[in-house]
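So the structure is just underneath, and the comments pick up after that.
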Amino acid sequence: MTRDIFDRTRLLVGDDAMQRIADARVIIFGVGGVGSWVAESLIRTGVGHLTLVDADCVDTTNVNRQMPATTLTIGEDKTEAARRRLLEINPDADINAIRMFYSADTAGQIDLSQYDYIVDAIDSLKDKALLILNATASGRKFYSSMGAALKLDPTRIHTAEFWKVEGCPLARALRNKFKKTKEFPKRKFLCVYSDELLSNKGTSSETCSYKASINGSLVHITAIFGFTIAGEIIKDITSGGKR
């Protein structure tokens, strides 16, 4: 059955690329509005080894945009809820769920050199900056999501090298942080971003200890961010890593 569910993928990319996709090892930091859709897209395409890193539980406010979030999974460990869904898609996939926030205290617990691809979908500025520094020093292929909140227009979603991202406050804040600390990414890396910036019009009682602020976001934006990163990974794999 596993071979059958990937027939359309195999038809497009061929047997050799299909095997490379199945052998790829990917780690995703942050399994929220962006990271969860990176995971689903990769598993549906045939990636055979996936590690999910997040310490959050599914919250009511996640249901509007996150893959593992439904009214039935509220309160569950987010990585486990995502893992269960992904195994329903491909029961033979090797999916590792790590309940952990990536930070200076925990970074040493994960050996980034074990992975072919590293995905950053972290919200916290400090922890995101740390992952960028460590991932770019690892020598592995690395992709990062910039801010996906306060967006409505999917046609304004783009990719660019980190230092060339324009119109994104999160990218600007990261660049300022690197300049202030004089610690810089070891190499260039690709980001997905949008130059659209709207304002919140409603009110919310939601609180979060690791975000500077809570902003509105929609699934058609966060999912496209995630699918774009997944697409870049698949393009790299099918090209034989020549991109």
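These figures come from a predicted structure and were not determined experimentally.
- Ring geometry for Phe178 against Phe162 counts as perpendicular: the plane angle is over 60°, on a 0 to 90° scale with 30° as the lower cut.
- The list of side chain to side chain donor-acceptor pair (under 3.5 Å) pairs with a residue in residues 169-180, not counting sequence neighbours, is empty.
- The ring-ring contact (aromatic ring centres under 6.0 Å, His included) test applied to His220 returns no partner, not counting sequence neighbours.
- Note: Ile27 CD1 to His49 NE2 = 14.0 Å, rounded to the nearest 0.5 Å.
- The two residues Ala81 and Val58 come nearest to each other via the heavy atoms CB-CG2, 4.3 Å.
- Note that the OG atom of Ser41 and the CD1 atom of Ile233 stand 9.0 Å from one another [nearest 0.5 Å].
- Taken to the nearest 0.5 Å, the CH2 atom of Trp37 stands 7.0 Å off from the CE atom of Met67.
- Looking at Val119, Ile110, Asp54 one by one, the single match for side chain to side chain contact (heavy atoms under 4.5 Å, CB included) with Phe29 turns out to be Ile110.
- Asp7 contributes atom CG, which lies 12.5 Å from atom CG of Leu12 (distance to the nearest 0.5 angstrom).
- When all heavy atoms of Thr9 and Ile21 are compared, the pair lying nearest together is CG2-CD1, 4.5 Å.
- Transitive grouping of hydrophobic side chains (ILVMFWY, heavy atoms separated by less than 4.5 Å) keeps Val34 and Leu198 in distinct clusters.
- Residues meeting the salt bridge (charged side-chain N to carboxylate O under 4.0 Å, His left out) test with Glu196, sequence neighbours left out: none.
- Between the side chains of Asp105 and Ser103, not a single donor N or O lies within less than 3.5 Å of an accepting N or O.
- Take Asp116 and apply the side chain to side chain donor-acceptor pair (under 3.5 Å) test, not counting sequence neighbours, and it matches no residue.
- Partner of Tyr102 under the side-chain hydrogen bond (donor to acceptor under 3.5 Å, both in side chains) criterion, chosen from Asn134, Asp127, Asp120: Asn134.
- Atom CD1 of Ile157 sits about 9.0 Å away from atom OG1 of Thr222, to the nearest 0.5 Å.
- Taken to the nearest 0.5 Å, the CG atom of Leu42 stands 5.5 Å off from the CD1 atom of Ile28.
- Remark: Gln109 pairs with Met100, Thr106 by the side-chain contact (heavy atoms from CB on, under 4.5 Å) rule, at least two apart or across chains.
- Under a hydrophobic clustering in which Ile, Leu, Val, Met, Phe, Trp and Tyr are joined whenever their side-chain heavy atoms come within less than 4.5 Å, directly or via other members, Leu152 and Tyr193 fall into different clusters.
- Counting all heavy atoms, side chain and backbone alike, Ser199 lies closest to Leu150 at C-CD2, 4.1 Å.
- The environment of Glu161 atom CD is dense: over 12 non-hydrogen atoms of other residues, nucleotides or ligands sit within 6.0 angstrom.
- Exactly one residue among Asp123, Leu174, Leu133 makes a side chain to side chain contact (heavy atoms under 4.5 Å, CB included) with Lys128. That residue is Leu174.
- Leu87 and Val31 fall within the same hydrophobic cluster, where Ile, Leu, Val, Met, Phe, Trp and Tyr residues are linked whenever their side-chain heavy atoms come under 4.5 Å apart, directly or through other members.
- At most 12 non-hydrogen atoms from other residues, nucleotides or ligands lie less than 6.0 angstrom from CG of Asp16.
- Nearest heavy-atom pair across Gly147 and Lys151 is O-CE, 3.3 Å.
- Checking Ser217 against Arg65 by side-chain atom types alone, a donor-acceptor pair falls below 3.5 Å.
- Identified under the salt bridge (charged side-chain N to carboxylate O under 4.0 Å, His left out) test for residues 24-47, with sequence neighbours left out: Glu40-Arg44, Glu40-Arg85.
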